[in-house]
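Reading through the structure tokens given below for one structure.
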Amino acid sequence: MQYVIGNWKMHCTVPEAVALAGRIEDGLEDIAKDQPLPTVVLCPPFTALSAVSDVIQHRSISLGAQDVHWADHGPHTGEISPTQLKDLVQYVIIGHSERRESGETNEIVARKLKAVVTAGLIPILCVGEKELTSKAASEVATELKESLAEIEPKTVPDLLIAYEPVWAIGTGDVAESGHIAEVATHLKKTAAKIGISDGQVLYGGSVDRDNVERVVDISELDGLLVGGSSLSDQSFVSIVSAVSRHG
Ligand code: PGA
């Protein structure tokens, strides 16, 4: 696996975020003495991006934003544009189910994806079925296709697709390995058919330090998107360590 991404959601004041990032960085430095690290991306809230970016010295930590607006600038009170993020982050989460719950459609996701790619940032596109179903693979493939509707796929050099079954997020229930493998394979095939030859698929949904060993064994996956467990440096560093040991 190549990626471990921590989504801090609406947690941490600025001082808390700086302290957490610092402890994670220390933990990663310890791992790096013995093993090569995956790419680690931290996604703090907007308010802490600048301060966290100042403390991150380790070359293996990158920063991501949790959302973005599609416009470059304009009268959009409370929104943040890709241009404003460009100096702070390399990655942007788009279409997280918690955004979709508040009305974000595939059409909006597609506009955001286009804006992020145009700005030269790397999108982390979230897709996932709402309820556990045997049709999950085709449901998320439709979400993927509709989210890519605004872009010419060949212009997307890097696309991280985060497969996050909504029913698994924050519930303690990690999807079965066979289910994750089946959906990941289908997402990769769908991306390839559209013209994205190297779509990377990450899994997210209740990954923690206890179940990570099972998830890292799923060879179809290229990484993990971690929510709750990224708020504890010990848990998050353990997850990175498991990914790193697994290679
Ligand atoms: P969780 O969140 O790890 O707390 O389930 C994952 C996510 O929402 O990205």
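Keep in mind that the numbers below use all heavy atoms, side chains included, and drop hydrogens, waters and symmetry copies. One-based numbering, in listed order, for ligands and for the atoms of each.
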Output yes when a side-chain donor or acceptor of W8 lies under 3.5 Å from a complementary backbone atom of S230, and no otherwise. yes

Out of E98, E164, K9, who gets a non-hydrogen atom closest to atom 2 (O) of ligand 1? K9

With respect to S229, determine whether any N or O atom, backbone or side chain, lies less than 3.5 Å from an N or O atom of ligand 1. no

Would you say Y163 and E129 are linked by a side-chain donor-acceptor pair, where the criterion is simply a distance under 3.5 Å? yes

Proximity of N7 to ligand 1 by residue part, where a heavy atom lies under 4.0 Å: side chain

Atom indices of ligand 1 within 4.0 angstrom of L225 heavy atoms, with elements: 9 (O)

Short N or O distance, G170 and ligand 1, threshold 3.5 Å exclusive: yes

Enclosure of Q35 CD (heavy-atom neighbours >12, cutoff 6.0 Å): yes

In ligand 1, which numbered atoms sit nearer than 4.0 Å to a non-hydrogen atom of G227? 1 (P), 2 (O), 3 (O), 4 (O), 6 (C)

Heavy-atom check, side chain of L159 versus side chain of Q200, under 4.5 Å: no

Indicate whether any N or O donor in one side chain lies under 3.5 Å from an N or O acceptor in the other, for R214 and S177. yes

Ring geometry between Y91 and Y3 (parallel below 30°, tilted from 30 to 60°, perpendicular above 60°): perpendicular

Could you tell me, atom by atom, which parts of ligand 1 come under 4.0 Å of a heavy atom of G228? 1 (P), 3 (O), 4 (O)

Check ligand 1 against H96 and write out every atom of the ligand that is under 4.0 Å from a heavy-atom position of the residue. 7 (C), 8 (O), 9 (O)

Any nitrogen or oxygen of S206, main chain or side chain, under 3.5 Å from a nitrogen or oxygen of ligand 1? yes

Taking a cutoff of less than 4.0 Å between a non-hydrogen atom of the residue and any ligand atom, is G204 in contact with ligand 1? no

Any non-hydrogen side-chain atom of K188 less than 4.5 Å from a side-chain atom of D222? yes

Please confirm whether G205 comes under 4.0 Å of ligand 1, counting heavy atoms of the residue only. yes

Using the side chain to side chain contact (heavy atoms under 4.5 Å, CB included) rule, take L225 and E164 through it: C-alpha gap first, then chi angles, then the decisive distance, then the call. CA-CA 8 Å; L225 177 51; E164 299 208 301; 3.4 Å; yes

